[in-house]
Number of protein chains: 2
Amino acid sequence: MLKQETLSKNQQIVLDYIEKVNEPIKAYSILHNVQKKGIKAPLQVYRALDKLVEIGKIHKIESRNAFVACKNSNCQISKATAFSICEGCEEVSEISDSKLSKYLKNFQDKAGMKFNKYNLEFFGLCKKCSIK
Amino acid sequence: MLKQETLSKNQQIVLDYIEKVNEPIKAYSILHNVQKKGIKAPLQVYRALDKLVEIGKIHKIESRNAFVACKNSNCQISKATAFSICEGCEEVSEISDSKLSKYLKNFQDKAGMKFNKYNLEFFGLCKKCSIK
DNA sequence: TACACAATGTTATATTATAACAATTAACAC
DNA sequence: GTGTTAATTGTTATAATATAACATTGTGTA
Ligand SMILES: [Zn+2]
Ligand SMILES: [Zn+2]
Ligand SMILES: [Zn+2]
Ligand SMILES: [Zn+2]
């Protein structure tokens, strides 16, 4: 079978919603908001999320248990992700910095382990929150 | 009041256990294993974990919802952490690389956000798992 | 002593995620 | 088209992770 090129119905419903809200959103919040589209159970959401993460359409913000649409057309495979997270307003943005990604892709730890994936989360205060 | 210098009873019990097992361990697994010491409820474990993370004695591996003792005497404050995680055997080790930490501490995103903390998780296969 | 704050104990509940199994749909080879 | 395989869906139940709320006790300090 060829590699999937189109999303399934539930995958598309979930992705549409995540792209629309345009900020990190939690699985059960997605569920509540797509029930009018016919998705009834958590598992239907989680299965769609798994696939969307796998193909790089969305990313999981691990420290927040939340999901966000990919804003970086270069990371189609979800294997090299970096985010900045404001601890004041919880605003999250995906970092797209070629020097950073190059540095991290080439990083070798002392045990010589070869990495195929990384996730980096920076925390701080955004401009708005830091002047409060 | 002076800054806490000694750990409380429950904090010490939980830390002792995490240091003993010497690998990432989950909160409810900790609970089961410290019940003989008198800790009875999840909240007692989570409160101890929160404090231990705060003071840098342990770290949370976000992608695994697990906790591990700090192996890097330099990161007493839990604000700059990096781990390598084997996706085969789930072995986790804390990365201590001064060049990496310097690079990340000084990283500035395009929005000029000032970071005070980061967490980086690398994924791959350890030597043992990669020859299988 | 009185005060402030940290830590504890306890019960209940909220939140996040997966197991198990049956049924349906989509893609492909022939 | 038919048969085959894998992906997807639907459904119920349950597991795993984490916090709310509130009363109580301990600890350092003035
Ligand atoms: Zn991305
Ligand atoms: Zn902010
Ligand atoms: Zn550490
Ligand atoms: Zn391994």
Side-chain angles (χ1 to χ4, degrees), chain A residues 1-18 21 23-68 87 90 92 119 121, chain B residues 1-18 21 23-68 87 90 92 119 121:
Chain A
M1 191 181 295
L2 287 177
K3 196 175 175 186
Q4 181 191 32
E5 280 160 20
T6 58
L7 297 176
S8 75
K9 187 186 64 163
N10 288 356
Q11 290 160 13
Q12 191 66 55
I13 289 169
V14 170
L15 178 58
D16 285 348
Y17 183 67
I18 295 175
V21 298
E23 63 185 19
I25 185 162
K26 287 163 174 271
Y28 276 75
S29 174
I30 294 169
L31 175 60
H32 294 142
N33 283 283
V34 297
Q35 285 185 326
K36 50 191 166 237
K37 301 276 185 183
I39 290 180
K40 291 173 185 164
L43 199 43
Q44 295 174 291
V45 172
Y46 278 103
R47 287 198 281 224
L49 290 172
D50 283 350
K51 174 63 77 170
L52 293 169
V53 166
E54 184 189 325
I55 64 179
K57 291 284 190 183
I58 65 172
H59 303 301
K60 183 173 185 182
I61 310 298
E62 293 286 358
S63 66
R64 299 296 187 262
N65 296 318
F67 300 85
V68 69
E87 292 180 305
E90 293 295 323
V92 170
N119 179 56
E121 297 181 5
Chain B
M1 190 183 292
L2 287 178
K3 194 173 175 186
Q4 181 191 32
E5 281 159 20
T6 59
L7 297 175
S8 74
K9 187 187 65 165
N10 288 357
Q11 290 160 13
Q12 192 65 57
I13 290 169
V14 170
L15 178 59
D16 285 347
Y17 182 67
I18 295 175
V21 298
E23 63 185 19
I25 186 163
K26 285 163 175 273
Y28 276 74
S29 173
I30 295 169
L31 175 59
H32 295 142
N33 283 283
V34 297
Q35 285 186 327
K36 50 191 165 239
K37 301 276 185 182
I39 290 181
K40 290 173 186 163
L43 198 44
Q44 294 173 293
V45 173
Y46 279 104
R47 287 197 282 224
L49 290 173
D50 282 351
K51 176 61 78 171
L52 293 169
V53 166
E54 185 189 325
I55 64 179
K57 292 284 190 184
I58 65 172
H59 302 301
K60 183 174 185 182
I61 311 297
E62 293 285 357
S63 65
R64 299 296 186 263
N65 295 319
F67 300 85
V68 69
E87 292 180 307
E90 292 295 323
V92 170
N119 180 56
E121 297 180 6

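A note on names: the letters A, B, ... follow the listed sequences, proteins ahead of strands, and every chain is numbered from 1. Bear in mind that the values here come from a model prediction, so they are computed numbers and not experimental data.
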Quick one: [atom1] on [X] to [atom2] on [Y], what's the gap to the nearest 0.5 Å?
X	Y	atom1	atom2	result
A/Ile39	A/Arg47	CD1	CZ	10.5 Å
A/Phe67	A/Ile58	CZ	CD1	6.0 Å
B/Asn119	B/Ile61	CG	CD1	7.0 Å

Problem - Test log, rule side-chain hydrogen bond (donor to acceptor under 3.5 Å, both in side chains), inputs B/Ser63 and B/Glu121 - result: CA-CA 8 Å; B/Ser63 65; B/Glu121 297 180 6; 2.7 Å; yes

Quick one: [X] [atom1] to [N] [atom2], roughly how many Å, whole number?
X	N	atom1	atom2	answer
A/Glu54	D/dA6	CD	P	16 Å
B/Leu31	D/dT19	CG	C1'	15 Å
B/Ile25	D/dA16	CD1	C1'	15 Å
B/Asp50	C/dA6	CG	P	14 Å
B/Gln35	C/dG9	CD	C1'	14 Å
A/Gln11	D/dA7	CD	P	12 Å
A/Arg47	C/dT24	CZ	P	15 Å
A/Ile39	D/dT11	CD1	P	12 Å

Handout entry: Beyond-backbone contact of A/Asn10 with A/Val34, side-chain heavy atoms, under 4.5 angstrom
Key = no

Exercise for the section: Could you tell me whether the side chain of B/Val68 reaches within less than 4.5 Å of the side chain of B/Ile18, counting heavy atoms only? Expected result: no

Respond yes when some side-chain nitrogen or oxygen of [X] is under 4.0 Å from OP1 or OP2 of [N], and no when none is.
X	N	result
A/Lys40	D/dG10	no
A/Ser8	D/dT9	yes
B/Lys9	C/dG9	yes
B/Gln44	C/dT10	no

Side chains of residues 23-32 of chain A: which donor-acceptor partners sit under 3.5 Å, not counting sequence neighbours?
residue: A/Lys26; atom: NZ; partner: A/Arg64; partner atom: O; Å: 3.2
residue: A/His32; atom: ND1; partner: A/Tyr28; partner atom: O; Å: 3.1

Problem - Bend angle of the helix from C/dT1-D/dA30 to C/dC30-D/dG1, end axes from five pairs each (to 10°) - result: 40°

Exercise for the section: Measure from the side-chain N and O atoms of A/Glu54 to the backbone N and O of A/Lys51, and report whether any donor-acceptor pair falls under 3.5 Å. Expected result: no

Handout entry: Exam field: side chain A/Gln44 to backbone A/Ala41, donor-acceptor pair closer than 3.5 Å
Key = yes

Hey, what are the protein-to-nucleotides 11-16 of chain C N/O distances that come in under 3.5 Å?
residue: C/dT16; atom: OP1; partner: A/Lys26; partner atom: NZ; Å: 2.4

